[in-house]
Amino acid sequence: MSGGGCSIVWFRRDLRVEDNPALAAGVRAGAVIAVFIWAPEEEGHYYPGRVSRWWLKQSLAHLDSSLKSLGTSLVTKRSTDSISSLLEIVKSTGATQLFFNHLYDPISLVRDHRAKEMLTAQGISVRSFNADLLYEPWEVNDEEGRPFTTFSAFWEKCLSMPYDPEAPLLPPKRIIPGDASRCSSDSLVFEDESEKGSNALLARAWSPGWSNADKALTTFVNGPLLEYSQNRRKADSATTSFLSPHLHFGEVSVRKVFHFVRIKQVLWANEGNRAGEESVNLFLKSIGLREYSRYMSFNHPYSHERPLLGHLRYFPWVVDEGYFKAWRQGRTGYPLVDAGMRELWATGWLHDRIRVVVSSFFVKVLQLPWRWGMKYFWDTLLDADLESDALGWQYISGTLPDGREFDRIDNPQFVGYKCDPHGEYVRRWLPELSRLPTEWIHHPWNAPESVLEAAGIELGSNYPLPIVEIDAAKVRLEQALTQMWQHEAASRAAIENGMEEGHGDSADSPIAFPQAMHMEMDHEPVRNNNPVIVTVRRYEDQMVPSMTSSLFRVDDEETSVNIRNSVVDTRAEVPNDVNVTEGPRRDTLDQAVTQPARTNATPPQFNFVVGRRNSEDSTAESSSSTRERDGGVVPVWSPSSTNYSDQYVGDDNGIGTSSSYLQRHPQSHQLMNWQRLSQTG
DNA sequence: CACGTATTCCG
DNA sequence: GGAATACGT
């Protein structure tokens, strides 16, 4: 309200005018400059894939036309550094305020925190909002104030919070445009010539943009939602909501989805429609998983690249680019897997069930490093979403406390008859099998020669034999797990004896990138002066390196200090007014590595303190903050807590570990606190 | 109704 | 693969 200048509303993955708190705040404050900055280089390895960029392009055009009808238009900038672009825009428009909505992926956490610091230093008033979640991650904690580490406990809590998620805001009636005459727009290029042809087909199936998202929601809620619980495990996906890409780009707010669906649920409950009620519960659960993915990303910023259960570091992944290629091309010899991979390649879309099938096959049968698969999903999915995909792959890989058990292989043959009982899905995507009878459609290798001949199939020539036999995969998986536990035990023993860990161990050598993916090699300088550091970092590198692993690389003392701070601040600073208090910091890796052994005896270390908004802020906002749920509660997060291992809530209250695999290995109950490792230089 | 067995579900 | 539930005798 105060200050004469206009405000900048920085759009990112909130490409909507309805229920957009940052936009609403800008409109309340006066004249608005709406801005979108395209800086994909900031995403490192996670440069958006072709179909995702296609969507973004459409969605931005849609937003721009909505903004125009409200009285302003979208200023677009091509940049390699969002923050300098913001500063430029401030300079050329005389804006005095910046509003944006929170994001929770690790890259944004760091960037947004810096943006806040740097613009505030320029005298700009910066405020940020929750537009992406039902509840902010720091609002959802257990009785002791610690973050949850299992989904069901988390979601139960979300559904029983003492206050409901905010009701969605209406779109502004009109927007007073700020003076952007001295602030030029760049035209953004999202696709090259070679991509245009492939993208042309997408428009037939999808309509990006916030009002289309709204239509998709209505269509779903009035149609397939009722039978969601019946249909959700069928491979042909006509009954899903198709909301995920809309949600990824924030074209529709989850709060709106939530309330809309809940209203329907109450209606059905009153009619005694049990099936409908149950369907809503199940659908909301999938919304909850998206919610949880942000929660995990916020609490464990490395979850997109490192297993959350540390023992997976010792898993001997099979590094075989031939396997990887066969998987990508849908030539594994397992019809359901292959059909899925062909659909993904052709359309950028996969039903959730099929995502589970192909990723589980990837990890359990092929035993390829899960981050390769995740990266491929990132490159090809229309709804590619770092947090959701990381959670999904970690779940499949058994690297979460409540994930699937690692020692169990889903057999695509049996799963096939469950989710595609008549083989229609397989036949649609694998024309070479289209004449094969249903009896053999999910296991052609068992079919009699005569049947294959009649269907025109020659295994090994026009359709592959199984790339790996399931039985062989089981044996190999068992061996790999044995090896993993041995290494894990050995390294723990070594640490307890104060010995250097894992020296000369061949399984520690880093996994190189497949050439096929455009990922940089991460050449790790060997530091002979401190072998322990070398060892630990090798384990990180065993995963496919990513932007953040190189960002947080600790090569020289000077930068590592800064990096360390930014990591710590990152977690604390998503809210616009958190106070980071300096705390004791562990400085040697030795201590940090030793820590996990002690954490069993250490009380929970999440030092969330409920604090008050600082006074400056609350007065400035008193007139405009009805939207934010602040009675002033915002976490104050002490960096000291990052020095301790994240504690996995064990069996103390009710959340009994159902997993025998984890029970046999109690140490695997601890979530890795990778932050701790990277903080120590 | 008890009991054994098939089926379903599992973030 | 194992618990929970539904089913069948």
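Labels below follow one simple rule: chain letters A, B, ... track the order of the sequence lines, proteins then strands, and each chain is numbered from 1.
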Rounding to an integer number of Å, can you tell me how far A:Glu156 CD sits from B:dG11 P? 12 Å
Atom CG of A:Leu477 and atom C1' of C:dG1 are separated, to the nearest Å, by 13 Å
Atom pair distance, as rounded to whole Å: CG in A:Leu400 and C1' in B:dG11: 8 Å
Show, in sequence, the C-alpha distance, side-chain angles and deciding distance for A:Trp378 and A:Glu43, and conclude whether the side chain to side chain donor-acceptor pair (under 3.5 Å) test is met. CA-CA 12 Å; A:Trp378 173 262; A:Glu43 315 294 323; over 6 Å; no
State which residues pass side-chain hydrogen bond (donor to acceptor under 3.5 Å, both in side chains) with A:Ser244; sequence neighbours excluded, sorted by chain then number. A:Asp383
Between protein and nucleic acid, restricted to nucleotides 5-7 of chain B and to nitrogen or oxygen atoms under 3.5 Å apart, what atom pairs and distances do you find?
none

Between C1' on C:dG2 and CD1 on A:Ile409, what's the gap in Å once rounded to a whole number? 17 Å
Without decimals, in angstroms, what is the distance between A:Leu284 CG and B:dG11 P? 15 Å
Between A:Asp379 and A:Lys375, does any NZ, NE, NH1 or NH2 come within less than 4.0 Å of an OD or OE carboxylate oxygen? yes
Please list, in numerical order, the residues of residues 382-392 of chain A that have a heavy atom closer than 4.0 Å to any atom of DNA chain B. A:Leu391, A:Gly392
Rounded to whole Å, CD1 of A:Ile287 lies from P of B:dG11 at a distance of 17 Å
Not counting sequence neighbours, which residues clear side-chain contact (heavy atoms from CB on, under 4.5 Å) with A:Lys157? List them please. A:Val140, A:Phe148, A:Met161
For A:Arg290, give me all partners under salt bridge (charged side-chain N to carboxylate O under 4.0 Å, His left out), at least two apart in sequence or on another chain. A:Asp132
Whole angstrom value for the distance that separates P of B:dT8 from CZ of A:Phe414: 15 Å
Send over the distance from A:Phe406 CZ to B:dC10 C1', rounded to a whole Å. 18 Å
Is A:Arg408 salt-bridged to A:Asp410, cutoff N-O under 4.0 Å? yes
Would you call A:Arg262 and A:Asp164 a salt bridge, taking side-chain N to carboxylate O under 4.0 Å as the test? no
Going by centres under 5.5 angstrom and planes under 30 degrees, do the aromatic ring of A:Phe151 and the base ring of B:dG11 stack? no
Report the distance from atom CZ of A:Phe154 to atom CG of A:Leu289, rounding to the nearest 0.5 Å. 9.0 Å
Mind checking if A:Asn411 touches a base, just sugar-phosphate, or nothing, with heavy atoms under 4.0 Å? nothing
What residue pairs, at least two apart or across chains, pass salt bridge (Lys or Arg N to Asp or Glu O under 4.0 Å) with a residue in residues 267-289 of chain A? A:Arg274-A:Glu277
